[in-house]
Protein chains: 2
Amino acid sequence: MKILVVEDDQQVARQIESSLKNAGYVVEVVHDGEEGLYLGNHESFDAVILDLGLPKIDGIKVLQQWRNENRHMPVLILTARDTWREKVVGLRAGADDYLSKPFEIEEVLARVEALIRRASGHSKPVLTCGPVEFDTTTNRVALNGTTIELTALELGMLSYLMHHQGEVISKTELTEHIYDQDFDRDSNVIEVLVNRLRNKLGASLIKTHRGLGYQLVEPDDR
Amino acid sequence: MKILVVEDDQQVARQIESSLKNAGYVVEVVHDGEEGLYLGNHESFDAVILDLGLPKIDGIKVLQQWRNENRHMPVLILTARDTWREKVVGLRAGADDYLSKPFEIEEVLARVEALIRRASGHSKPVLTCGPVEFDTTTNRVALNGTTIELTALELGMLSYLMHHQGEVISKTELTEHIYDQDFDRDSNVIEVLVNRLRNKLGASLIKTHRGLGYQLVEPDDR
DNA sequence: TAGAAAATTTAAGGTTAATTTAAGGTTCGT
DNA sequence: ACGAACCTTAAATTAACCTTAAATTTTCTA
């Protein structure tokens, strides 16, 4: 998760930066509107914290330009003044949330996380197939609710099958996805992997189509 | 609830002290900046009332130093003059609210309570995982209650893991967070760091998932 | 500012779990 | 029934990780 902070006040900027980093974000800090505008247009961020009173280009202008360029990352606006007028202008320009100084650093964190959560809410992170669940964000795999430990390769294979549920996937396709293109023709790695997955997640999860490939199916529970 | 009052005017100090005590707070009063700075750094308060015109060290300096040491307790500033300039300086230094003399003692109480409410509402200051605690505001780490000294990198790594408890974090993710983007692919820095953390905080705290990453787990005590 | 101390990085050898290989058995389609 | 494709198991191999210590860099202190 990468966050852009546009804030000219060095102290506030540092405060926010360290707090965000501690919370586990990758943080990029710039100190004026020009740099902010450029970075926001040329790199991709999961959220932006934007001060309004900035040197060179005003925060509102920066925000408007981003939105004109169809950049839709969530933006939290910071401002020194807490006037009705400012708030309206900010939200009109496309801000997602608004915070006026002085603020608790923890509150900034809370709001940013809320924004990111809200923004990423569109994707469905956890795939499911019968009794097995696969969380694409954390790579956690569960069978009937209890987590199952998988190795890197097992995980890679399950991930691919999960993303192509119901399709019949050839062994070549699996090898090419799990490894990087190169593969031996005479090796039973895939069979061994399938076997281990079946042992861990239930024999009927992966159906084999002789000569064609494998298919992830909802097992008939019994 | 413990409140620190830093105020050189004996009469004002006594007034505030008795008012706060009546309201049910534990109050500590000191009369110059030096004592204030020390106490604020070595004890934990739920809020601070800080006069700006102080002997030995100016109030702003005291506040700045606290913030530099990552002490984030809410601070209400008192000042004799009500100038725009002073207010800005105070807020820039990290104050949370501002009150100019003369003031009603009732108002001081009201503002302090507002600050405490606001601060406690949004902060989740101390993360815990089994026997280890991590205070996000002071960066203090404790194992079974006793403070453990960690280096900057150790702290960075622990902080990241603490904020993502239970998740499996890849080595790349750790490097990208601890360092700023750039990293060598052939270096065992992460392994060495994990090793040192395990030595200091217990071997079973960090679980390794071969080929995937590391995971912070509650150690099974034994 | 030099010297000392601490922190960080590098390096090397040992350990272990994951992956691959291999070998023999099983199933399925024709 | 026969061969090919697949399954299963276990041993062999490999790569990831651990541990330690020395080398280097940074920070502290006199």
Side-chain angles (χ1 to χ4, degrees), chain A residues 21 139 141 147-161 168-217 219, chain B residues 68-70 139 141 147-161 168-217 219:
Chain A
K21 279 193 171 170
N139 275 348
V141 176
T147 68
I148 302 287
E149 302 273 335
L150 294 187
T151 71
L153 288 185
E154 289 163 8
L155 209 64
M157 171 173 264
L158 183 67
S159 171
Y160 195 77
L161 290 174
V168 177
I169 312 289
S170 72
K171 278 204 282 195
T172 356
E173 200 176 336
L174 281 173
T175 355
E176 279 175 359
H177 178 255
I178 294 175
Y179 306 93
D180 240 355
Q181 315 296 48
D182 66 323
F183 66 104
D184 317 8
R185 52 191 70 262
D186 59 342
S187 158
N188 64 343
V189 188
I190 296 299
E191 279 108 316
V192 173
L193 269 178
V194 168
N195 182 247
R196 291 221 304 270
L197 275 184
R198 293 214 256 238
N199 282 338
K200 288 187 176 179
L201 299 173
S204 57
L205 182 75
I206 299 172
K207 188 177 174 187
T208 118
H209 295 256
R210 225 155 228 268
L212 300 172
Y214 297 93
Q215 177 192 28
L216 203 68
V217 294
Chain B
N68 280 343
E69 301 277 330
N70 273 321
N139 277 347
V141 176
T147 305
I148 303 286
E149 298 285 333
L150 294 187
T151 70
L153 289 183
E154 288 163 6
L155 208 64
M157 171 175 265
L158 183 67
S159 171
Y160 194 78
L161 290 174
V168 176
I169 311 289
S170 73
K171 278 204 285 196
T172 355
E173 202 176 334
L174 282 173
T175 357
E176 277 176 1
H177 177 253
I178 294 175
Y179 307 93
D180 237 357
Q181 317 291 56
D182 66 323
F183 66 105
D184 320 6
R185 52 192 70 264
D186 58 343
S187 157
N188 64 344
V189 187
I190 296 299
E191 279 108 316
V192 172
L193 271 178
V194 167
N195 183 248
R196 291 220 305 272
L197 275 184
R198 293 213 255 238
N199 283 338
K200 288 187 177 179
L201 299 174
S204 57
L205 182 74
I206 299 172
K207 186 177 175 187
T208 119
H209 295 254
R210 229 156 230 262
L212 299 172
Y214 296 93
Q215 178 191 30
L216 202 69
V217 295

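Only heavy atoms go into these numbers, but all of them, side chains included; no hydrogens, no water, no symmetry mates. Convention: sequence-line order gives letters A, B, ...; per-chain numbering from 1.
Toward the 5' end of DNA chain C, the nearer of the two residues A:Glu154 and B:Val189, judged by each one's closest nucleotide, is B:Val189. When each of A:Thr208 and B:Leu212 is assigned the nucleotide of DNA chain D bearing its nearest heavy atom, the one mapping closer to the 5' terminus is A:Thr208. Comparing A:Val192 and A:His209 by the nucleotide of DNA chain D that holds the closest heavy atom to each, the one mapping nearer the 5' end is A:His209.
Atom CD1 of B:Ile178 sits about 12.0 Å away from atom NZ of B:Lys171, to the nearest 0.5 Å.
Atom pair B:Lys200:NZ and C:dT8:P shows a separation of 9 Å (rounding to whole Å applied). In this structure, B:Arg198 atom CZ and C:dT15 atom C1' are separated by 13 Å, rounded to whole Å. A:Ile190 has its CD1 atom 12 Å from the P atom of C:dT19, to the nearest Å. Atoms CD1 (A:Ile206) and P (D:dC7) sit 9 Å apart, rounded to a whole Å. Taking atom CG of residue B:Leu153 and atom P of nucleotide D:dT25, one finds them 16 Å apart after rounding to whole Å. A straight line from NZ of B:Lys207 to P of D:dC17 spans 14 Å, rounded to a whole angstrom. Remark: P of C:dT21 and CD of A:Glu191 are 12 Å apart, rounded to the nearest angstrom. At whole-Å resolution of the value, CG in B:Asn199 and C1' in C:dA7 are 16 Å apart.
Remark: A:Thr151 is in phosphate contact with C:dT19, judged by side-chain N or O atoms under 4.0 Å from OP1 or OP2. Distances shorter than 4.0 Å separate none of the side-chain N or O atoms of A:Ser187 from OP1 or OP2 on C:dT20. Side-chain nitrogen and oxygen atoms of A:Arg196 include at least one within less than 4.0 Å of the OP1 or OP2 phosphate oxygen of C:dT19. For the pair B:Tyr214 and D:dC18, the criterion of a side-chain N or O lying under 4.0 Å from OP1 or OP2 is met. Within the 4.0 Å cut-off from OP1 or OP2 of D:dC7, not a single side-chain nitrogen or oxygen of A:Asn195 is found. For B:Lys171 and D:dC17, the shortest distance from a side-chain N or O to OP1 or OP2 is below 4.0 Å.
Side-chain contact between A:Arg196 and A:Val192 is present, with heavy atoms from C-beta onward closer than 4.5 Å. Proximity of B:Val194 to B:Met157: side-chain heavy atoms (C-beta onward) are separated by under 4.5 Å at one or more points. Using a 4.5 Å heavy-atom cutoff, the side chains of B:Arg198 and B:Leu205 are not in contact.
In the interface, the side chain of A:Asn188 is paired with the base of D:dT8 through a donor and an acceptor atom under 3.5 Å apart. The base of D:dA16 is paired with the side chain of B:Arg210 by a donor and an acceptor separated by under 3.5 Å.
Under a 4.0 Å N-O distance rule, the pair B:Lys200/B:Glu149 does not qualify as a salt bridge.
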